[in-house]
Student: 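My questions all concern the structure below.
In what follows, every chain begins at residue 1, and chains take the letters A, B, ... in the order their sequences are listed.
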Protein chains: 2
Amino acid sequence: MIDAAGLRVMKAIQDEGSFTAAAAALGFTQPAISQMVRRLEQRTGTVLVERLGRSVRLTEAGEVLARYAGTVLAALDAAEEEVAAIAGLRSGRVRLMAFPSSSATVVPHALALVKRRYPDVSVTFHEAEPPESLAALKAGECDLAVAFSWEGLDLSDIQDDLDSLSVTKLLDDEVRLALPSQHPLAGEKSLDLKELAEEPWIAGCPKCRGHLLHLAHEAGFTPDVAFETEDYVAVQGLVAEGLGVALIPDLILSSAHHPEVVALPLTQSSRREVFAVTTPDLARVPAVAATIEALVEAAEVHG
Amino acid sequence: MIDAAGLRVMKAIQDEGSFTAAAAALGFTQPAISQMVRRLEQRTGTVLVERLGRSVRLTEAGEVLARYAGTVLAALDAAEEEVAAIAGLRSGRVRLMAFPSSSATVVPHALALVKRRYPDVSVTFHEAEPPESLAALKAGECDLAVAFSWEGLDLSDIQDDLDSLSVTKLLDDEVRLALPSQHPLAGEKSLDLKELAEEPWIAGCPKCRGHLLHLAHEAGFTPDVAFETEDYVAVQGLVAEGLGVALIPDLILSSAHHPEVVALPLTQSSRREVFAVTTPDLARVPAVAATIEALVEAAEVHG
DNA sequence: GACAGTCTATAACCGGCCGTTATCGACCAG
DNA sequence: CTGGTCGATAACGGCCGGTTATAGACTGTC
C-alpha cells in the first residue's frame, strides 16, 4: 500500500517545505509530487499535507510517514550497497571444496591470489573427494568444487552434468608410478604397468583405486592391493618401506615427495583432468568467477 | 533502484523455497515472480537466485536482500499502522486554542466527550484570544481555534477568511449587563444600555472593549471606562464592590457567577457568535473533525 | 525407461500507474 | 495592480508490472 517512493516524497516535502522544491530535490516535476501526495492521501484516507497559501506543511499523519522514511530509505540504501559490494568484489563469500591433492598446491595458490586481489572476499575451504564435493555443490552446501576425473574413464561423473554444471578445466595431472628408490626398476626412464604386475599395490582413494584396477585390467593383470589409504603421504611412506608400489598423481608429488620414493612416468600415459565445477548460476557470481579465474592461473603455474 | 516490492518477493522466495510457492503466498502468478527476480538481477547486476532443478535457493546477494526485507517491510507496516491509527481515531493529536470564557465551559465539556469516545486521541489546549488563536492557526501552531466575533460588528475578522478557513458555528452568546446586586436598577427585568450611561464601566478584553464602545456609541453616549481587565472573575469582583458596571457574556456567567452581581438582559440584545475555526485541510483530519463535533455537541448543552 | 507432475522461462498482451507538458487559479510582494 | 511563484488539474503517453498461454526441464514413479 505504502511504498518507498511515497515515503521519499513525504520526506522531501518535509525537508524542502514546498512541493516545487521537493520535486526539484527528487528530480521530478511539480505535478508529479502533487498527485503523488494525492494518491497517498486517498490510499491512507487521511490528509497528509496542509496546504497554506505560500508553502505546505505536513500534518501529524504526514510527519509519521516522513519520520519512517529515514528508516526505510536507509535500509534500502544499505541493502543496495551490500549487494553492490558483492557484485563489485568488495565483499562476498565462496565456499570451496577441493580434493586433497589439490589442496596442497593449486588451491592455496589460488586462494592467495584471490586474497591479494580482493581482500574482502572470503573463501572458505573444505577438503572433499569429488563425489562428495559435487554432492555438496548440488545440495547448496558449497559454491565451487575442485574435482577430477580420470581421462577417458569416469568422465561420465561430470559429463552427465556437463550441461547442468559449469565446468572449467584447470590442468592435466599426469599419473606416475611410485617405487621405493631401492627398487630394481627405480632407475628406468619409464615403466609399463605390466612390469609391476607381481608387486603388491597400494591404492589411494576409491576413485583412484578404480582407476588403478582399470589400468591394470587393460594391461592384462589384476593387481594385488595390499594397502589402501587416502593419505598420499602415507602411501609414499608405505612405498618407501618397500611394502608395495603405487600410482601417484604428479600434483601430489609437487607438494610432498618422499625422498625414498621415485616416481616414474607410465608408458600408458594416463592422466586425470582437474576441473573447477560450479552451477551455471553461481558461475556468474563475481566472487565465484574470480575464484575460478584464480584457480585457472594457479593451475598454469602448477601444471 | 530496489523497492519494497522486490524485497518482499525475495523474502517470499526464501521462505517458500520456490517461485510458485512464493507467488501463491503473495497472491501473484508464477511468471510475475520469475520476471520480478530477473529484473532485480539485471538491476543489481548480480545473480540473486540459484535455479536448481526442483526448487530454487538464494545466493549470498539474494540472502542479503531477503534479510533486509524484514526490516523494511516491518517499518512500512508500522508506518501504515500508525497512519491508520490516526485515521481511525485510535491515535492523533489536536492542538486546540480557545478564548478564556469558552475555556471554562464548552471546551472542557467537549474535551471530556472526545476523551471518552477516543481515549487515545490527545487534545492539548491553550488559552488565547481570537486574534492570537487565528494567527497561531495560520502559523501552524495550533490545529483548531475556538473564537468569537461580535454580532454584526467585526465579523470581518473571520469573514475575510471564511473561504480560506473552515468555520463551524458553535453557539450564540448573549451579552448581559452586570450590576452590583445593591444597584438601584438591579431589580429590573432588562435594561437599556443608555440607562447606565453615567456609570463607570469595566471593560474586558480589547475586542470586548471595542464592542462596548460600539454599543454605547449606538446608544448615544461614550462610556467612562474606569477599569480594564481580561479576567472576568476580576470584572465581577469590581462590579460587586460597586466600582462600575460591565457587559459580560452569558457564557462566562454559566461557569462563574459572582453572588453579589446580577446580570440583566440588554434591550439592545447583542450577542457574540462562537465558532470553531480550522483550516479546510485540518478539518478533514479525523481527530480534528471529532473535536469539532464534540464542541458542537457541548455547545448545544451550554447554549 | 517412459510418463506424469511440477517447477521455471519466455512470449505476447494489456491495463494502469506514474511520469510528462500545458494551463489555470490563488496568493504574496513590490 | 501586476508579476512571480506555488499548487491543482487535465490530457496524454511510456513503460512497468501484472496476466494467460505455452514450452522446456527436472523428478519421482510405475
Side-chain angles (χ1 to χ4, degrees), chain A residues 1-10 12-14 16-43 47-59 62 135 137-140 160-165 279-281 284, chain B residues 1-10 12-43 47-59 62 135 138-140 160-165 279-281 284:
Chain A
M1 180 171 180
I2 294 179
D3 59 345
L7 294 187
R8 177 177 288 115
V9 166
M10 292 304 295
I13 293 172
Q14 188 179 49
E16 304 292 332
S18 80
F19 283 16
T20 303
L26 296 178
F28 292 147
T29 57
Q30 170 263 316
I33 305 296
S34 244
Q35 46 195 347
M36 184 77 196
V37 170
R38 188 174 50 186
R39 280 193 299 269
L40 278 176
E41 287 186 333
Q42 57 200 26
R43 278 182 215 170
V47 181
L48 299 176
V49 177
E50 203 181 337
R51 279 80 165 174
L52 315 174
R54 169 74 83 213
S55 62
V56 296
R57 182 187 313 118
L58 300 190
T59 65
L137 187 63
K138 291 190 178 181
D160 264 4
D161 311 311
L162 214 153
D163 49 346
S164 87
L165 288 178
T279 66
D281 293 323
R284 294 174 43 228
Chain B
M1 180 172 180
I2 296 179
D3 60 344
L7 294 187
R8 177 176 288 115
V9 166
M10 292 305 295
I13 293 171
Q14 187 179 51
D15 290 346
E16 304 293 331
S18 79
F19 285 15
T20 303
L26 296 179
F28 292 148
T29 57
Q30 171 265 317
I33 304 296
S34 246
Q35 47 196 352
M36 184 78 200
V37 170
R38 187 173 51 187
R39 279 194 298 269
L40 278 177
E41 286 184 336
Q42 56 200 26
R43 277 182 214 173
V47 181
L48 298 176
V49 177
E50 205 181 337
R51 280 79 166 174
L52 316 174
R54 170 72 83 213
S55 60
V56 295
R57 182 187 313 116
L58 301 191
T59 65
K138 290 189 178 180
D160 264 4
D161 310 310
L162 214 153
D163 49 345
S164 87
L165 288 178
T279 66
D281 293 323
R284 293 173 45 227

Student: Where the side chain of B/Arg51 is concerned, which of C/dT8, D/dG18, C/dT10 is the nearest nucleotide?
Tutor: C/dT8
Student: Identify the two heavy atoms, one from A/Asp281 and one from B/Val47, that lie closest to each other, and give their separation to 0.1 Å.
Tutor: O-CG2, 3.6 Å
Student: So what does B/Arg43 touch, heavy atoms closer than 4.0 Å: a base, only the sugar-phosphate, or nothing?
Tutor: sugar-phosphate
Student: Hey, are A/Arg57 and A/Glu16 close enough for a salt bridge, meaning a charged N less than 4.0 Å from a carboxylate O?
Tutor: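 Answer for the salt bridge query: no.
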Student: For the side chain of A/Thr29, counting heavy atoms from C-beta on, which of D/dA8, C/dT20, C/dT10 is nearest?
Tutor: C/dT20
Student: What's the closest nucleotide to the side chain of B/Ser34 if the choices are D/dA8, D/dG18, C/dT10?
Tutor: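 Ranking D/dA8, D/dG18, C/dT10 by closest atom to the B/Ser34 side chain puts C/dT10 first.
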Student: From C-beta outward on B/Ser18, which listed nucleotide comes closest to its side chain: C/dC18, C/dT20, C/dC7?
Tutor: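 When the side chain of B/Ser18 is considered, C/dC7 is the closest of C/dC18, C/dT20, C/dC7.
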Student: Flag the pair A/Ser34 / A/Gln30 as yes when at least one side-chain heavy-atom distance between them is below 4.5 Å, and no otherwise.
Tutor: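 Yes, their side chains come closer than 4.5 Å.
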Student: Take atom CD1 of A/Ile13 and atom P of D/dC6, then tell me their distance rounded to the nearest Å.
Tutor: 14 Å
Student: Could you tell me whether A/Thr20 contacts a base, only the sugar-phosphate backbone, or nothing, with contacts defined as non-hydrogen atoms closer than 4.0 Å?
Tutor: sugar-phosphate
Student: When you match B/Pro31 and A/Gly27 each to their closest nucleotide on DNA chain C, which lands nearer the 5' end?
Tutor: B/Pro31
Student: For B/Arg38, which contact category applies under a 4.0 Å heavy-atom criterion: base, sugar-phosphate, or nothing?
Tutor: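 Here B/Arg38 touches the backbone only, sparing every base.
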Student: Which nucleotide wins on minimum distance to the side chain of B/Arg39, given the candidates C/dT20, D/dG7, D/dG18?
Tutor: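 In terms of side-chain proximity for B/Arg39, the closest of C/dT20, D/dG7, D/dG18 is D/dG18.
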Student: Considering only D/dG18, C/dT8, D/dG7, which nucleotide approaches the side chain of B/Ala32 most closely?
Tutor: D/dG18
Student: Classify the side chain of B/Gln35 versus the base of C/dA9 as yes if they form a donor-acceptor pair under 3.5 Å and no if they do not.
Tutor: no
Student: In terms of side-chain geometry, is the basic nitrogen of B/Arg51 or B/Glu41 positioned less than 4.0 Å from the acidic oxygen of its partner?
Tutor: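 A salt bridge links B/Arg51 with B/Glu41.
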Student: For A/Met36 and B/Gly17, find the nucleotide of DNA chain C closest to each by heavy atoms; which residue's nucleotide sits nearer the 5' end?
Tutor: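 This one resolves to B/Gly17.
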